[in-house]
Amino acid sequence: MAKQETIAMILAGGQGSRLGVLTDFVAKPAVPFGSRYRIIDFPLSNCMNSGIETVGVLTQYQPLELNSYIGNGHPWDLDRNSGGTFILPPYLSLEGNDWYKGTANAIYQNIPFIDGYDPRFVLILSGDHIYKMDYAKMVAAHIEKEAEATIAVIEVPWSEASRFGIMNVDGEGRVTEFEEKPAEPKSNLASMGVYCFSWEVLRRELIEDERNPKSENDFGGDVIPGLIAKGRQVYTYHFNGYWKDVGTVSSLWESNMDLLINSDQIDLRDMSWPIFSKNPQRPSHYFGPDSIVKNTAVTDGAELYGEVYNSVIGYNVLIEKGAVVRDSIIMPGVHIGEGAVLDRCIVGMNTVIESGVRAEPDAEGGRDDFLSPLCQDDITVIAPGLIIREGLAITGNSMIGPAHAKSHPDAVAECPSLLRREMELC
Amino acid sequence: MAKQETIAMILAGGQGSRLGVLTDFVAKPAVPFGSRYRIIDFPLSNCMNSGIETVGVLTQYQPLELNSYIGNGHPWDLDRNSGGTFILPPYLSLEGNDWYKGTANAIYQNIPFIDGYDPRFVLILSGDHIYKMDYAKMVAAHIEKEAEATIAVIEVPWSEASRFGIMNVDGEGRVTEFEEKPAEPKSNLASMGVYCFSWEVLRRELIEDERNPKSENDFGGDVIPGLIAKGRQVYTYHFNGYWKDVGTVSSLWESNMDLLINSDQIDLRDMSWPIFSKNPQRPSHYFGPDSIVKNTAVTDGAELYGEVYNSVIGYNVLIEKGAVVRDSIIMPGVHIGEGAVLDRCIVGMNTVIESGVRAEPDAEGGRDDFLSPLCQDDITVIAPGLIIREGLAITGNSMIGPAHAKSHPDAVAECPSLLRREMELC
Amino acid sequence: MLTNAMGLILADNRRVHLGPLNQPRALAAVPFAGRFRIVDFTLSNMVNCGIKRIGIVALTRYKSLMDHVGTGSWWDLDRIRQGLYLIPPYINPVTRAPDRTDAQGIIDYVESGDQDYVFISASDYVSNMRLHPLLDQHKESGADMSVYYARDGHPSRRISMGLELDEDSMIKRLRVDQREMENEQNAFGLLVVSRELLLRMLEEMMARGIADFSIVGLLEHYSRLRIQALEYDGLLFRIHDIESYFESSMRLLDPQVRNELFDPERPIYTKVKNRAPCIVSPESGLLRNVLGSDGCAIMGQVEDSVLFRGCVIGRNARVTNCVLFQDAQVSEGAVLDHVIVGKNSVVRMGGKLAGRPGAPLVVAKNAIV
Amino acid sequence: MLTNAMGLILADNRRVHLGPLNQPRALAAVPFAGRFRIVDFTLSNMVNCGIKRIGIVALTRYKSLMDHVGTGSWWDLDRIRQGLYLIPPYINPVTRAPDRTDAQGIIDYVESGDQDYVFISASDYVSNMRLHPLLDQHKESGADMSVYYARDGHPSRRISMGLELDEDSMIKRLRVDQREMENEQNAFGLLVVSRELLLRMLEEMMARGIADFSIVGLLEHYSRLRIQALEYDGLLFRIHDIESYFESSMRLLDPQVRNELFDPERPIYTKVKNRAPCIVSPESGLLRNVLGSDGCAIMGQVEDSVLFRGCVIGRNARVTNCVLFQDAQVSEGAVLDHVIVGKNSVVRMGGKLAGRPGAPLVVAKNAIV
């Protein structure tokens with residue numbers, strides 16, 4: 001049956017440039033998260049758990065790994081006969097379309113895809129948020145309010161409200177005003193970037209938006225404010241739960257750490273709302289004879305022989321004897337050599353940290369050649385697929401990428417690419 | 001297991017402009033063929049039957065329908081855990097890549113995808129050929145000859161050899177020369193556009209080709225001649241069987257007719273090499289109380305109440321009482337009204353032919369407003385999704401498309417688009 | 001669309017005898033309508049109602065049923081958390097006899113689902129029906145169990161479940177297989193019950209050593225439980241014997257009947273076989289009022305018949321009022337009237353076979369006649 | 001890579017008794033190595049050898065096996081034309097006894113495949129092995145059947161299939177379950193035979209009314225058939241009793257052993273469960289030489305143990321030399337040494353349990369102790 005009541009479109013096209021070297025070769029939604037996940041597992045699993053079985057993933061930037069990761073959708077049970085997951089890149093047509101100009105234009109270009117399912121409702125989701133949400137409840141609220149658009153909102157502390165897109169509502173929850181990062185917020189209801197539209201309304205709006213030469217074809221910037229300005233039925237839907245946009249190095253780090261500190265909030269152990277993921281099949285993880293492990297998340301195939309504190313360890317990570325890892329996120333396949341010390345680090349997939357490397361906020365004799373404005377809070381980021389040479393010492397707020405293999409060949413090298421790809425794709 | 005011995009890449013990006021209105025909104029490989037197939041069913045089924053389980057489909061032009069059609073690959077048993085089918089469109093990367101420039105560039109841009117499977121051999125296939133071929137045998141020949149590239153060839157009549165790309169070979173089957181459409185052919189071995197490469201060799205060659213500013217980045221035009229010129233191990237592989245490129249209106253018509261005339265050649269009834277397809281689930285077809293049907297192929301959901309001779313009828317086609325269909329290809333979902341007469345027509349999906357329409361080579365009083373240089377041999381093409389108005393008479397060699405709904409509103413209209421998409425996607 | 005119900009299909013019914021048609025296979029696996037099997041309709045009805053977890057209780061001869069349903073993928077039931085379960089009996093490893101009753105396998109299946117309701121269906125009818133009305137009514141009325149019935153007269157000389165209802169449409173009497181009860185309200189084997197109550201009834205069965213889990217057995221609780229009946233007035237074929245099977249098949253030749261049974265809003269799914277399109281040859285004879293399927297090759301004359309996939313009708317053969325199962329072959333010059341030809345069977349050159357209206361001749365599977 | 005062979009796995013072995021471990025489930029479904037079951041290794045060995053059609057003969061207690069293998073998708077066996085088949089026994093609908101022997105279901109499965117060879121495997125061993133050498137050797141030698149053996153000493157007090165071989169490595173004598181035959185060549189239940197010969201043997205079984213289809217039963221044909229034996233010298237665990245199960249589990253703590261058993265070139269696939277990562281809490285105690293799995297929450301101290309998915313080790317609990325099955329819970333302050341704790345079982349607060357090396361204590365499934 002082609003017809004689907006509700007379909008979801010996940011915006012996964014952006015480069016995520018604030019994550020720097022972590023997204024040089026992969027789209028942000030494909031970045032590993034929380035020991036055994038990728039960021040996109042969250043919206044995909046939410047769809048599956050909400051009973052939404054047709055999901056378009058709008059890609060543009062570096063989609064290959066995302067494409068391989070999503071594959072036939074099987075791990076999320078989204079390998080459906082009609083529906084399932086579809087990777088939707090820009091394409092050529094008789095009218096000679098071009099790259100996606102903005103989030104709204106990306107959906108506009110895929111109107112024929114959506115029409116094919118003749119849905120009543122279309123959910124627009126972001127590919128880079130960590131949260132567990134029942135979209136079916138949001139759609140039910142949308143129906144009950146007879147809304148044309150429903151915007152999921154979350155209460156943020158008043159002190160932080162000026163960092164978000166804030167919705168001002170009337171007593172019925174109807175949106176009267178939308179302010180992007182208001183200096184003096186009138187409400188603390190922040191838009192989560194999760195929208196439910198009646199397709200008929202959105203379709204018309206997208207065509208109109210496309211015709212407007214002044215529009216930047218963006219949902220938050222153009223479509224939503226336009227609907228409110230026209231007095232359409234735009235409502236909020238209150239979400240009470242964990243939600244985090246992992247668009248920056250600091251927020252990515254914090255959100256990973258929340259699995260340890262606020263594990264009851266984003267409750268991954270709640271099997272009534274599982275988060276699905278696709279990982280290589282590996283044996284159970286192993287704690288070695290001399291390991292010391294405290295307050296740490298760890299998963300299949302990891303082998304810990306050293307000391308690990310307050311860290312999130314991905315699959316197939318090997319931490320050798322005498323290594324010390326603290327307050328760090330170690331992505332899958334990383335190898336940390338004997339005696340290496342990592343503190344407040346994010347290490348990308350399959351990178352090798354040779355023995356004796358020290359990456360600490362105040363590493364003694366540490367080089368500060370690698371400091372990056374993208375890194376704050378003393379967090380250091382090391383790109384996937386690198387080799388960090390023996391004994392290198394680096395200070396906090398560094399970001400080491402493949403470019404450094406050329407500028408600092410003594411300190412950094414690239415893993416042989418074939419090997420790297422093979423491991424990443426499991 | 002990521003590693004695959006052999007993977008296949010199907011070139012499905014071209015617009016297929018010689019098929020005119022049939023490919024206005026769909027890529028050529030998605031054009032219906034032979035009652036219940038799409039053209040791409042042939043290479044996909046060949047892959048499955050040959051034991052090749054990783055298939056990249058390179059798309060660029062109007063991929064949505066192809067994307068929906070292939071879906072998760074299940075109908076071809078290509079919904080594999082590692083591997084399966086992947087739609088590979090152009091994408092953006094740090095280096096800011098662009099649209100595919102040629103067939104070789106399309107593969108070049110997807111080197112990381114192929115590397116991910118670390119294959120020994122890569123098959124390059126076309127998405128618009130009708131044939132049944134065991135690629136495993138071709139790979140075995142490639143291995144046995146220790147070839148670096150193997151090109152499938154078919155013997156064509158000497159009289160037609162100058163219309164093909166001709167391979168001149170030595171006694172061992174090694175290619176000594178490649179001539180594109182030679183005026184005086186030295187051999188009658190035509191390239192089928194089916195290549196097997198050792199990936200290591202092809203990878204290097206593609207990188208070199210990309211660096212060559214004079215290259216048009218085409219397999220037939222640049223890569224293959226280059227390999228021969230360099231004296232690399234390029235061999236032919238002789239294919240004995242049915243093979244047809246369906247790139248023109250006449251060849252599409254002929255190849256469909258071959259199912260009736262030469263049904264033993266492209267033997268669709270041979271269940272040891274099934275051709276898989278994806279169609280809506282419909283009841284059996286029905287021959288009405290007054291139908292006359294001779295020499296015709298027909299499939300699920302079709303209902304024939306009129307007369308049908310020497311024709312290929314798709315699923316869900318309705319031919320009403322008194323209608324006469326002769327020497328025609330009626331694609332799925334077409335509705336032919338009472339008393340309509342179609343002779344030598346190709347009618348696209350879901351088009352409605354109203355009662356009394358006459359489309360015949362020498363239709364009495366027939367209009368010749370629609371003549372097209374793309375149509376020859378008195379074949380008339382009617383685009384998908386149209387309504388041909390009651391009583392219209394048109395002569396052979398016409399091509400009627402959506403543009404005529406504007407220029408000839410008395411004769412042609414467009415089906416409401418929503419309905420159309422819904423039906424096409426099943 | 002998620003429905004808070006699971007499905008349970010009883011593949012066999014030991015009261016139904018179709019002779020050579022269900023001898024080699026479970027009733028649910030009996031072919032119907034050219035390219036389907038009976039179970040396709042029941043499965044599709046459940047799937048189209050949003051049910052995503054379905055168990056099929058199969059006692060015996062489940063090989064062809066198992067081959068047919070496969071992983072459940074054709075019904076989109078190849079799911080991670082739910083999907084399709086075939087439930088054969090357990091065998092005691094020591095005595096090599098079935099472990100207690102059918103019930104343990106069913107209990108295991110029902111217990112491990114988290115839906116609150118269970119739709120239970122027999123396999124002796126064919127229909128394209130909405131199940132939601134029954135569930136809605138069931139929830140609203142607070143009945144213990146709710147069952148569909150039809151006013152389709154006395155459907156069979158052998159099998160019936162006549163209902164007498166009170167003013168609240170609760171069953172006050174059940175008459176099983178009674179000949180005289182024409183034109184009454186007859187249940188046909190589709191009911192809904194809460195998971196909890198079903199488990200209690202199953203455990204009672206186990207405790208009492210009752211072996212037979214059936215629709216009749218469930219309805220017989222009417223004296224202790226409030227069982228509500230709801231009329232179903234859509235198209236319904238009962239498959240109770242060869243005659244009703246044949247008559248139902250012939251009714252499919254009516255386009256109106258097909259339109260109702262194959263409503264595109266609620267598709268009937270079946271295993272995809274990838275046969276070539278049907279080819280009608282240039283020398284074919286008359287071809288009138290015929291349902292034909294992929295893979296057929298028609299060189300002779302066919303009238304008022306149903307052809308399953310892959311049938312071959314030879315030159316000058318004449319087939320009238322017949323049902324030909326998959327890959328049946330009617331050789332040159334053979335003449336058939338009122339015959340059901342089993343799967344893979346061959347009617348030899350020049351052979352002549354004739355049954356009578358109301359009593360078709362049946363050629364078994366793999367036969368050569 | 002296509003291999004011209006199908007697989008047939010015997011899920012049960014009535015000579016193997018693991019007490020509470022295989023009481024509720026078929027031997028093949030017994031959990032092993034933290035996140036696997038025994039059948040995962042056999043299935044993966046076959047899949048990694050390019051086999052795409054595998055049948056599992058299950059007599060009884062196949063519920064957990066069925067849930068585990070599902071549609072076969074985790075082994076990429078959810079295929080249109082081939083794939084995974086569970087083969088339960090047929091029941092005669094009238095007598096309600098098993099239809100003749102196990103053999104009919106197996107015959108139906110073997111007959112409907114078009115591969116020329118059949119690999120048959122028992123479920124009482126665990127290994128990551130290449131099957132190609134056996135098939136190559138089989139084809140080359142022209143033997144009727146070919147079987148792997150290991151020189152692993154006398155593997156068990158109870159079960160052995162000792163082989164005496166002639167100079168062509170053909171079996172000239174088979175000694176079953178003989179205590180004195182230490183250090184000889186022992187078959188372990190993996191053999192290959194042509195489809196054709198297997199069918200002939202199965203039909204003979206049917207004709208003679210032999211009920212038991214087993215590896216021993218096949219090897220006993222050595223006097224009439226040429227059965228060749230090939231040595232397998234890789235890592236091999238025999239699971240014959242609680243002791244060998246426990247000892248095998250403990251050997252997994254050796255990284256070398258794990259590297260061989262989980263060679264990434266030939267992955268061992270299992271059902272994916274999507275449990276959260278294992279969380280080691282800030283107050284955890286010593287954690288030494290431990291295999292842990294997703295979903296575990298470790299607050300206490302664990303040494304020299306194997307934890308399956310979802311185990312909870314409470315504060316100040318001490319677990320040493322233990323195997324804890326899925327979702328086992330060791331409450332605050334409990335102390336366990338040499339214990340196997342069944343699935344979902346709970347060791348109460350402050351509880352103390354101790355087995356002995358060579359004789360671990362076993363806590364059954366769903367127990368509270």
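This structure is a prediction, so every number in the text was calculated from the model and none was measured. Every chain is numbered from 1 and lettered A, B, ... according to where its sequence line falls, protein lines coming before strand lines.
Per-residue counts of heavy-atom pairs under 4.5 Å with chain B were compared for C:S44, C:P255, C:S281, C:G34; the largest is that of C:S281. For chain B, the option among C:D304, C:I298, C:I268 with the highest count of heavy-atom pairs below 4.5 Å is C:I268. With chain B as the partner, the residue from C:G295, C:A33, C:C278 showing the most heavy-atom pairs under 4.5 Å is C:C278. Ranking B:P283, B:S35, B:P274 against chain C, the residue ahead of the rest is B:P283, based on heavy-atom pairs under 4.5 Å. Ranked by heavy-atom pairs shorter than 4.5 Å toward chain C, the options B:D79, B:L259, B:D300, B:D267 are led by B:D300.
Counting only distance, with no hydrogens or angles, the side chain of B:R282 and the backbone of C:F262 share a donor-acceptor pair below 3.5 Å. Looking only at distances, no side-chain donor or acceptor of B:R269 sits under 3.5 Å from a matching main-chain atom of C:G310. Side chain of C:T270 to backbone of B:Q281: no donor-acceptor contact under 3.5 angstrom is found. Listed for the C:S284 side chain is a donor-acceptor partner under 3.5 Å among the backbone atoms of B:V293.
Contact record, B:H285 with C:S293: CE1-N, 3.4 Å, taken as the closest heavy-atom pair. Across all non-hydrogen atoms, the minimal contact from B:H74 to C:S73 is NE2-OG, 2.8 Å. Closest non-hydrogen pair, B:L268 versus C:P277, comes out as CD1-CD, 4.3 Å.
Between C:F308 and B:S284 the shortest side-chain heavy-atom distance does not fall below 4.5 Å.
C:L287 contributes atom CG, which lies 12.5 Å from atom CG of B:D290 (distance to the nearest 0.5 angstrom). Taking CG from C:N274 and CZ from B:R36, the interatomic distance works out to 6.5 Å, rounded to the nearest 0.5 Å. Taken from CD1 in B:I292 to CZ in C:R288, the straight-line distance is 7.0 Å, to the nearest 0.5 Å.
Neither the backbone nor the side chain of B:L304 comes within contact range of chain C; no heavy atom of the residue lies under 4.5 Å from a heavy atom of that chain. With a 4.5 Å cut-off on non-hydrogen atoms, C:R258 touches chain B through its side chain but not through its backbone. With a 4.5 angstrom heavy-atom cutoff, B:Y305 touches chain C only via side-chain atoms.
By the salt bridge (charged side-chain N to carboxylate O under 4.0 Å, His left out) test, C:R315 pairs with C:E283, sequence neighbours left out. Annotation: salt bridge (charged side-chain N to carboxylate O under 4.0 Å, His left out) contacts of C:D263 (sequence neighbours excluded): C:R266.
Atom NZ of B:K321 has 12 or fewer neighbouring heavy atoms from other residues, nucleotides or ligands inside a 6.0 Å radius.
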Assess whether side-chain contact (heavy atoms from CB on, under 4.5 Å) is satisfied between C:V280 and B:F287, documenting all intermediate values.
-> CA-CA 11 Å; C:V280 181; B:F287 304 103; 3.8 Å; yes

